[in-house]
Protein chains: 2
Amino acid sequence: MTTTVGEPRPVGPGRQRLHEAALRLFAEHGISGTSLQMIADDIGVTKAAVYYHYKTKDELVIGVVAPFIDRVFAILEAGQARRGRRGQIETVLEGLVDLIVEARKLYVVAAIDPVIAHLHEIHPRMREIAARMQDLLAGPDPDDERRVAVVFFLSGLVGPLGDESCRDMDDDTLRGLLLDIGRRFLLQRKAMRG
Amino acid sequence: MTTTVGEPRPVGPGRQRLHEAALRLFAEHGISGTSLQMIADDIGVTKAAVYYHYKTKDELVIGVVAPFIDRVFAILEAGQARRGRRGQIETVLEGLVDLIVEARKLYVVAAIDPVIAHLHEIHPRMREIAARMQDLLAGPDPDDERRVAVVFFLSGLVGPLGDESCRDMDDDTLRGLLLDIGRRFLLQRKAMRG
DNA sequence: GTCTATAATGCGATAGAC
DNA sequence: GTCTATCGCATTATAGAC
């Protein structure tokens, strides 16, 4: 579900090609490292044509990553629909690992890009998503240890996705290893008291 | 020790002020987010004065982070000087956590900055440091699980240093928690066979 | 809906005076 | 060792024709 309210986002044929090109270039050169010129050249139009679709680069980036944001929202809702803490965490963990392994090329650049950091500050949906993810994984009234563990885990996911020594692992292998780590990290010991 | 050969790096009084200003601004705005103009303004000189000290921005960045690189080299050497695998890992772990907690404001921006990513590609010392760190922590002939664990751990360190919910923890608390995580992660189970 | 043309800005870097 | 002045370039963004 997660129908986006207040932000009409019709996706026409031109906009679809724009999204695909932007996504590919973002994954390859990073978001900051991709200029509107590069995107325009890639699909064979001019910069001005890009500006027809989005008023600013920020809005273009938001438009391109919106489907991923939506999926994370859906994952959070699926998690919160479950009753037990362990089930909530397991659901969110599986959903998150699935998503980022599938979109690893994009995720690894988006996670660390200055543009994304900037959007985190100005885009409500991105602030909300990070906060809700942390809250759900940390549980009620987390102590310092639990808080650090959660943040550590979310940050740790980025490494294997980008590192050369892990880049040639196939998706299933990587997914399994990250799930193991996540379970060890988030589903063990005393922290499970909520 | 780790005396830098082949790269004379005299530090005069003017250069000292330049380093201090750059370090502070890098930590605040990121490295990519800090222009030479900002640095020059901060110490009350012109851009051209900065160019007297360093021919390019890349060289300035290298000059500023060099002391930290040197410390990591020292940590690696201290680790390799020990005989057992567990001792090696424990030594490197403690040194690394100490260093990055102490320099957390810089580390968190440096770890994810595009400029640093670029320097990783062109600066031999930075390539070497990352490779040696991974090799030492992973041990001889690591399997996929161990490789992912190491990369995950190194990437995970960045999160707690930058996150709001952890930013106000004092250094000792954070150091303790990160050391715990590191020991659980790198010093347990089968992976210790070397 | 896409174009040409251009504005406005900020960047890294250089030349040459003092 | 620091300055003024400026170059050359890339960027985001706009205005207006087709």
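To find a chain, count down the sequence lines: A is the first, B the second, and so on, and within it residues start at 1.
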Output the rounded distance in Å from [atom1] ([X]) to [atom2] ([N]).
X	N	atom1	atom2	answer
A:Lys47	D:dA15	NZ	P	15 Å
A:Ile39	D:dT11	CD1	P	11 Å
B:Tyr51	D:dT6	OH	P	18 Å
A:Leu18	C:dT2	CG	C1'	13 Å
B:His53	C:dA13	NE2	C1'	16 Å
A:His118	D:dT12	NE2	C1'	13 Å
B:Arg17	D:dG1	CZ	P	14 Å
B:Lys55	C:dG12	NZ	P	17 Å

Side-chain ion pair, [X] and [Y], N-O less than 4.0 Å:
X	Y	value
B:Glu77	B:Arg82	no
A:Arg183	A:Glu94	yes
B:Asp141	B:Arg146	no

* Asked: Mapping A:Ala48 and A:Tyr52 to their closest nucleotides on DNA chain C, which lands nearer the 5' end?
  ->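 Closer to the 5' end of DNA chain C: A:Tyr52.
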
* So B:Phe185 and B:Phe153, would you call those rings parallel, tilted or perpendicular, with 30° and 60° as cut-offs? ->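 Taking B:Phe153 first and then B:Phe185, their aromatic rings lie parallel (interplane angle under 30°).
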
* From the options C:dC3, C:dG12, D:dT12, select the nucleotide whose nearest atom is closest to the side chain of B:Lys57. =>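 It is C:dG12.
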
* Say whether, by atom type as modelled, one donor and one acceptor occur between the side chain of B:Arg147 and the main chain of A:Pro160 under 3.5 angstrom. => no

* **Donor-acceptor pair, side chain of A:Arg127 and main chain of A:Ile122, under 3.5 angstrom** => no

* Tell me whether the centres of the aromatic rings in A:Tyr107 and A:Phe68 are closer together than 6.0 Å. =>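 Aromatic pair excluded; centres sit 6.0 Å or further apart.
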
* To do: Mind listing the residues from residues 22-38 of chain A sitting with a heavy atom below 4.0 Å of DNA chain D? Number order is fine.
  => A:Ser35, A:Leu36

* To do: Answer yes or no: does a side-chain N or O of A:Thr46 lie under 4.0 Å from OP1 or OP2 of C:dT2?
  => no

